[in-house]
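To keep things clear, I will list the structure first and then write my remarks on it.
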Amino acid sequence: MFRSANRAKVQRLMDGGAQVIEVLEARQYRQAHLPGAIHIPAWKMSRSRAAALDSKRPIVVYCYDNL
């Protein structure tokens with residue numbers, strides 16, 4: 001299931017136990033990442049990295065923040 005969410009909604013999901021994967025480029029991540037988010041640039045995403053996530057917890061892929 002895919003849904004759009006703003007930064008505040010993503011933070012609430014994290015507070016509820018969701019895992020957040022930020023697929024931002026390194027520069028963007030340094031400027032505006034969410035504390036506690038896992039940084040995996042989109043071009044580095046792989047099955048082995050995805051397999052390391054906890055499949056019992058919600059996963060949010062966060063790709064852009066229009067500050």
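Note that these values count all heavy atoms, side chains included, but never hydrogens, waters or copies made by symmetry. The structure presented is a predicted model; accordingly, all values stated were derived computationally and were not measured.
Atom CD of Gln28 is separated from atom CD of Glu25 by 6.5 Å, given to the nearest 0.5 angstrom. A distance of 10.0 Å separates CG in Leu24 from CD in Gln31, rounded to the nearest 0.5 Å.
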Result block: side-chain N/O donor-acceptor pairs under 3.5 angstrom for residues 9-16, not counting sequence neighbours:
from	atom 1	to	atom 2	distance (Å)
Gln11	NE2	Asp15	OD1	3.2

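In this structure Ser55 satisfies the side-chain contact (heavy atoms from CB on, under 4.5 Å) test with no other residue, sequence neighbours excluded. Listed by chain and residue number, Ile21, Ile40, Leu53 satisfy the side-chain contact (heavy atoms from CB on, under 4.5 Å) test with Ile38 (two or more places apart in sequence, or in another chain).
Listed here is the closest heavy atom pair of Ala26 and His39: CA-CE1, 4.0 Å. Scanning both residues, Gly17 and Pro58, for their nearest heavy atoms gives O-CD, 4.5 Å.
Glu22 places no side-chain N or O within donor-acceptor distance of the main-chain N or O of Val61, the cut-off being under 3.5 Å.
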